[in-house]
Visitor: 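Below is one structure. I have some questions about it.
Values below: every heavy atom of this structure, side chains too, minus hydrogens, waters and symmetry copies.
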Amino acid sequence: GLDSIEITPVGAALIAAGLARGGAPPLPHLIEEKTNLLGESYYKGQAVPPDAEKLPAGKIALIARVMKAAVSGVGKAEGTARRAAVEGLVAAMKTGTSGSSAHGLDALVIGFAPADKPVIAWALVAEHAGKAELEGARITGDFLKRIRNRLP
């Protein structure tokens, strides 16, 4: 499980975006500029590059292939993200579950689509929703169905 991992939704989305971009995550821009009531700028945000090194192309390709298999179910095991599959859209995803049954399970799903030429990357964190392969995948599938016609 993910019980020993701490990550924010933005951090998880940056991982997905980095994989989609060949290993180089985009620079985050949460707040670009603040202005006062007169429209005068008093803060301009500076993107801070991640401290991580870019993964080698071979490793990125392997991770992307495994993430695609998690959706398509290709290989010996059924994919944990197969319930998020949307007809006509090849996506790459990784699911993870944390928490305990007593307190409720948290579902985490990261991914990007279309898998071979990504234009969107996402992270979904559904607190107390249940297992990622069930509820996280269902929520992600609903999201992808809604945006499917906006993707190439």
Visitor: How long is the straight-line distance from CZ of F112 back to CE of M67, given to the nearest 0.5 Å?
Guide: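 If I round to the nearest 0.5 Å, the distance is 5.0 Å.
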
Visitor: In Å and rounded to the nearest 0.5 Å, what is the CD1 to CG distance from I60 to L19?
Guide: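 Answer rounded to 0.5 Å: 5.0 Å.
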
Visitor: What closest approach, in Å, do P26 and G18 show between heavy atoms, and which atom pair accounts for it?
Guide: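 So the minimum-distance heavy-atom pair works out to CD-N, 4.3 Å.
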
Visitor: For I147, give me all partners under side chain to side chain contact (heavy atoms under 4.5 Å, CB included), at least two apart in sequence or on another chain.
Guide: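 Once residues adjacent in sequence are excluded, the partners of I147 under the side chain to side chain contact (heavy atoms under 4.5 Å, CB included) criterion are I120, F143, L144, L151.
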
Visitor: Test: side-chain hydrogen bond (donor to acceptor under 3.5 Å, both in side chains). Region: residues 116-136. Which pairs qualify, not counting sequence neighbours?
Guide: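 Found K68-D116, E135-R138.
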
Visitor: To which residues is L105 joined in a hydrophobic cluster, defined by side-chain heavy-atom contacts under 4.5 Å among Ile, Leu, Val, Met, Phe, Trp and Tyr, whether direct or through other members?
Guide: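 The other cluster members (ILVMFWY side chains, heavy atoms under 4.5 Å, direct or chained): none.
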
Visitor: Is there side-chain contact between V119 and P114, with at least one heavy-atom pair below 4.5 Å?
Guide: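 Yes, close enough: below the 4.5 Å cut-off.
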
Visitor: Taking all non-hydrogen atoms of both residues, which atom of A115 and which atom of A91 are closest, and how far apart?
Guide: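 Taking A115 first and A91 second, the nearest heavy atoms are CB-C, 3.9 Å.
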
Visitor: Does L134 sit in a hydrophobic cluster with other residues, and if so which ones, taking ILVMFWY side chains as linked at heavy-atom separations under 4.5 Å, directly or through other members?
Guide: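 Besides L134, the hydrophobic cluster comprises nothing; the residue is isolated.
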
Visitor: Which heavy atom of I110 sits nearest a heavy atom of A16, and at what distance?
Guide: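 Residues I110 and A16, closest heavy atoms: CB-CB, 4.0 Å.
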
Visitor: Determine the minimum heavy-atom distance between A132 and A107, stating which atoms define it.
Guide: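 Smallest interatomic distance, heavy atoms only, reads CA-CB, 3.5 Å.
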
Visitor: Do you know which two heavy atoms are closest between A70 and M93, and how far apart they sit?
Guide: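 Where A70 meets M93 most closely, the heavy atoms are CB-O, 3.4 Å.
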
Visitor: Which heavy atom in V86 sits nearest to a heavy atom in G141, and how many Å separate them?
Guide: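 Answer, listing the atom of V86 first, then G141: CG2-O, 3.9 Å.
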
Visitor: Determine whether V125 and I7 make a side-chain contact, defined as any pair of heavy atoms from C-beta on separated by less than 4.5 Å.
Guide: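 Contact flag for V125/I7 side chains = no.
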
Visitor: Which pairs, with at least one residue in residues 79-92 and sequence neighbours excluded, count as a side-chain hydrogen bond (donor to acceptor under 3.5 Å, both in side chains)?
Guide: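 Non-adjacent pairs meeting side-chain hydrogen bond (donor to acceptor under 3.5 Å, both in side chains): E78-R82, T80-T95.
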
Visitor: Do you reckon L124 sits in the same ILVMFWY cluster as L89, going by side-chain contacts under 4.5 Å, direct or chained?
Guide: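 Per the 4.5 Å side-chain linkage, L124 and L89 are co-clustered.
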
Visitor: Less than 3.5 Å apart, which donor and acceptor atoms pair up between the side chains of residues 36-43 and the rest of the protein, not counting sequence neighbours?
Guide:
{"unit_1": "N36", "atom_1": "OD1", "unit_2": "L38", "atom_2": "N", "d": "2.9"}
{"unit_1": "N36", "atom_1": "OD1", "unit_2": "G39", "atom_2": "N", "d": "3.1"}
{"unit_1": "N36", "atom_1": "OD1", "unit_2": "E40", "atom_2": "N", "d": "3.0"}
{"unit_1": "N36", "atom_1": "ND2", "unit_2": "E40", "atom_2": "OE1", "d": "2.9"}
{"unit_1": "S41", "atom_1": "OG", "unit_2": "E33", "atom_2": "OE2", "d": "2.8"}

